[in-house]
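Inspection log for the structure reproduced underneath, given as structure tokens.
All chains are named by letter (A, B, ...) in the order of the sequence lines, taking the proteins before the strands, and each is independently numbered beginning at 1.
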4 protein chains.
Amino acid sequence: MASREERKEKITRFRHEQILAAALDVFSRLGYDRATVPDVAREAGVAVGTIYNYYPGKRDLLVAITDEYVIHPFTHLISESRTADDFSYITGLLENRLTFGLEGVNRFLPLLSEAQRDPELRRSYAEKVVRPVMDIMGRYATSKMKEGTFRDIDPSIVTRAIGGMVIGFMLLYRIEGEESPVHKTDRKKLATEMAKLILDGIRKV
Amino acid sequence: MASREERKEKITRFRHEQILAAALDVFSRLGYDRATVPDVAREAGVAVGTIYNYYPGKRDLLVAITDEYVIHPFTHLISESRTADDFSYITGLLENRLTFGLEGVNRFLPLLSEAQRDPELRRSYAEKVVRPVMDIMGRYATSKMKEGTFRDIDPSIVTRAIGGMVIGFMLLYRIEGEESPVHKTDRKKLATEMAKLILDGIRKV
Amino acid sequence: MASREERKEKITRFRHEQILAAALDVFSRLGYDRATVPDVAREAGVAVGTIYNYYPGKRDLLVAITDEYVIHPFTHLISESRTADDFSYITGLLENRLTFGLEGVNRFLPLLSEAQRDPELRRSYAEKVVRPVMDIMGRYATSKMKEGTFRDIDPSIVTRAIGGMVIGFMLLYRIEGEESPVHKTDRKKLATEMAKLILDGIRKV
Amino acid sequence: MASREERKEKITRFRHEQILAAALDVFSRLGYDRATVPDVAREAGVAVGTIYNYYPGKRDLLVAITDEYVIHPFTHLISESRTADDFSYITGLLENRLTFGLEGVNRFLPLLSEAQRDPELRRSYAEKVVRPVMDIMGRYATSKMKEGTFRDIDPSIVTRAIGGMVIGFMLLYRIEGEESPVHKTDRKKLATEMAKLILDGIRKV
DNA sequence: CATGAATGAGACTTCATTCAT
DNA sequence: AATGAATGAAGTCTCATTCAT
């Protein structure tokens, strides 16, 4: 049974999440600089002062968002990653990433922009997200090359090219908006086509 | 010989460029929101008031930068594009884009971030930059497919995947910074490896 | 034996004192304006809300401090004062005041500063502290003059000059801090020298 | 003839003074903490932003006030001080100080209070005001003692006692306000009586 | 035209006070 | 009676823009 202490902590945790979710929403929509703390408060349905009871300042919201919604999920993802052994793995992963990404593109790309400006945030992304993901992909590629399944290409480059492709695709998707010819294409098809490109390139043998 | 009128117009044009270059510099370094008009004035070596004699407001600087430094070059580029007929074309173009891009990544990626937030800017990018470039690439790809040189892949997707790859690669490059394993790799090699990936994929035949 | 009622009242009184002592401490250290109610609560070891169960507001703490720690002791002091008849009386009193004052200078001078700003507090000090003390000293001086022991000087002025000397000395002591040449002089000596000055002046006869 | 440069600098200096005078006025009246920057702006007849064009922040106003209205005059005063040789000197000085002080008591005592709370300000007062003044007085007293005119009293103590007397007298004057019996006494009389006290004490020989 | 001092709306943040538990 | 999370008014400071010189 929940003691008073436990109940209180639960509420505290809930408030943290509630405010952070609101901050993510508002920062994504308006950008960190244009978003105001009252905006976040309104979105969270609390008073301005309440935000400051849970986070020391506006910038801490940004850092917490990064930790909670980017670093944390990726850390999780990475710890679960194991080398798959069939080609459908790539398609599946791509589909998964794309579906997730295109859904969340309006939420997460703005954060990436912010990261470009805040040195501390940039480092976090580099160390906690980009590097580990590239390392996993690189190890996978290397093993495949040794095994003779993959062509011999510099793993550091190819992983960044493929990772970049996913991100860049989403970025263009976001910039083109509803007018993009791929806007209504279903994710499975997008993933399949991109996987084909990655696996076999555009040139006919 | 330059009449007084012409001289005057020349000076006017020079001031416009002087201020715009300063604005590009400052906006890239600090981001549009954090950059202040006095910052731009200082960089341009003019008084704050002078800026307002040439541009109606801060936001107009951003729009003008986009026109002058992104839309305009791309329009030019596009008007010159003609379908090349050998594969080295892709490598060359990639190398060109990458060299240009990785050099300018610190200048232009921030603008792209801004574009995500400003609806009018986003439209400009979509209509004047992304769409035309994708169309050109698409036409090239389609002709190659008809010709039987390229595999049959959805052109809208493949062009956005490849275009995205270039942008995404630069974004990762910027986020990873000097710690990136590809930070010191020379551009020719980067371009070659990426071209290999695009043309033939990672899978051994 | 203590009935429940009595016990309750005892606790109530204790809480009042506990909070007031904390407030005195915090107000002295930070100044009334910079001290926060949570500061006082922390110092008192109670919750913020508890303070409001005992005092209506922050300012009431200041008033209560003044009553409890300044007016009350002085009222007491004054009621006990009787005209002493030998000169050592002055030295003794001075030593007593100085010892008390220099010890408490960090606690009470800040309150005096506050009093300068708050009209109601100023009146309290004027009516309940300054005036009565000056009256007692004045009556003492007058009787000594009549008796022929003291020179003929305006009692209102001389009492305020001497009282002011004690306060002003402490103020300088506090401002000069540890670098003051009198910082380590013992109180007896300070009192003796000041008494000599008051009684016989600096001029040799 | 004033060039444009000179004129501009003159205006700048004037604005500095105008704002500083307003700040002195407002800080004295309300105390540093309760005074708001808009208060100062209103008093100075300028916009809030203008204040920040001349002083980096609120606290800098306080520091500048101290420099301009306390340290600077005292430095001046001290550099002019020379040992006088007749007793009327003390009366004259006292009268001068008192007249100045009682007039300015509402302006300067509040600053002294502030100095108690701000460590940096306290040091300034100690080093730049209190110490030099005490040194001058001390040297004067010592020479008089050597000369045989003054009784043998510890100079550090006696100077601080007399200096404190002046300050403390003003403080009481301010606290008692209009109800003080000395409130309407003319300054000459106050100075004379205090000089008598200082020179010959209260005890009849 | 160029200048830059003046402006004031609006941002972030603090904290006295309340009140449901 | 005690608690401390929630509140929002109010403070400090920034900066896009204007306009007299």
Side-chain angles (χ1 to χ4, degrees), chain A residues 4-5 7-8 11-12 14-16 19 33-41 44-61, chain B residues 8 11-12 15 19 32-42 44-61, chain C residues 8 11-12 15 19 33-42 44-61, chain D residues 4-5 7-8 11-12 14-15 19 33-41 44-61:
Chain A
R4 186 175 307 184
E5 290 290 311
R7 186 171 296 249
K8 196 173 278 185
I11 290 177
T12 290
F14 173 68
R15 275 270 186 278
H16 270 106
I19 290 169
D33 284 303
R34 285 213 248 292
T36 72
V37 176
D39 287 338
V40 176
V46 299
V48 175
T50 302
I51 303 229
Y52 287 88
N53 286 341
Y54 289 88
Y55 295 92
K58 187 185 174 188
R59 193 175 166 284
D60 301 272
L61 284 170
Chain B
K8 196 178 272 187
I11 291 177
T12 290
R15 275 269 187 275
I19 290 167
Y32 174 75
D33 284 300
R34 290 213 243 291
T36 72
V37 176
D39 285 338
V40 175
R42 202 174 308 117
V46 300
V48 176
T50 304
I51 294 193
Y52 285 87
N53 286 337
Y54 291 87
Y55 296 92
K58 187 186 175 188
R59 197 176 161 283
D60 301 272
L61 284 171
Chain C
K8 196 178 273 184
I11 291 176
T12 291
R15 275 271 187 275
I19 291 168
D33 285 301
R34 290 213 243 290
T36 71
V37 177
D39 286 338
V40 176
R42 202 173 309 116
V46 299
V48 176
T50 304
I51 294 193
Y52 285 87
N53 286 338
Y54 290 88
Y55 296 92
K58 188 186 176 187
R59 196 175 162 284
D60 301 273
L61 284 170
Chain D
R4 186 176 305 185
E5 290 290 310
R7 188 171 294 252
K8 196 173 276 186
I11 290 177
T12 290
F14 174 68
R15 274 269 187 278
I19 290 168
D33 284 302
R34 286 213 248 292
T36 71
V37 176
D39 286 338
V40 176
V46 299
V48 175
T50 302
I51 304 232
Y52 287 89
N53 287 340
Y54 289 88
Y55 295 91
K58 187 186 174 187
R59 194 177 166 281
D60 300 271
L61 284 171

Under the side chain to side chain donor-acceptor pair (under 3.5 Å) test, residues paired with B:Asp33 that sit two or more places apart: A:Arg34
- request: Could you state the atom-to-atom distance from OH of C:Tyr55 to P of F:dA1 in whole Å?
  value: 15 Å
- line: Of B:Gly57 and C:Ile11, the one whose nearest nucleotide on DNA chain F sits closer to the 5' end is C:Ile11
message: Show me the dot-bracket string of DNA chain E, counting Watson-Crick or G-U pairs under 3.5 Å, with | for pairs to another strand and [ ] for crossing ones.
response: .||||||||||||||||||||
query: Between atom CG in A:Asn53 and atom C1' in F:dT3, what is the gap in whole Å?
result: 14 Å
field: 5'-most by nearest nucleotide on DNA chain F - B:Lys58 or A:Thr12
entry: A:Thr12
query: For DNA chain E, which nucleotides open and close the run of contacts to chain A, 5' to 3', at under 4.0 angstrom from a non-hydrogen atom?
result: E:dA11 to E:dT14
query: Could you give the CD1-to-P distance, from D:Ile51 to F:dT14, as a whole number of Å?
result: 13 Å
Between N or O atoms, less than 3.5 Å apart, protein on one side and nucleotides 8-10 of chain F on the other: list the pairs.
unit_1: F:dG8; atom_1: N7; unit_2: A:Gly49; atom_2: N; d: 3.3

statement: When rounded to whole Å, the OH to P distance for the pair D:Tyr52 and F:dT14 reads 7 Å
field: C:Thr12: partners by side chain to side chain donor-acceptor pair (under 3.5 Å), with sequence neighbours left out
entry: none
query: Starting at CG of A:Asp33 and ending at C1' of F:dT14, how long is that distance when rounded to a whole Å?
result: 13 Å
Which donor-acceptor pairs under 3.5 Å do the side chains of residues 48-58 of chain B make with protein atoms, sequence neighbours left out?
unit_1: B:Tyr55; atom_1: OH; unit_2: B:His16; atom_2: O; d: 3.1
unit_1: B:Lys58; atom_1: NZ; unit_2: B:Tyr32; atom_2: O; d: 2.8
unit_1: B:Lys58; atom_1: NZ; unit_2: B:Ala35; atom_2: O; d: 2.8

task: Tell me what A:Ala41 touches on the nucleic acid: a base, only sugar-phosphate, or nothing, going by heavy atoms under 4.0 Å.
output: nothing
task: I would like to know whether B:Ile11 and B:Lys8 meet side-chain contact (heavy atoms from CB on, under 4.5 Å); could you show each step before the answer?
output: CA-CA 5 Å; B:Ile11 291 177; B:Lys8 196 178 272 187; 5.9 Å; no
- line: Whichever of A:Pro38 and C:Arg59 has the more 5' nearest nucleotide on DNA chain E, that residue is A:Pro38
field: Phosphate contact (F:dC15 OP1 or OP2) by B:Arg34 side-chain N/O below 4.0 Å
entry: no
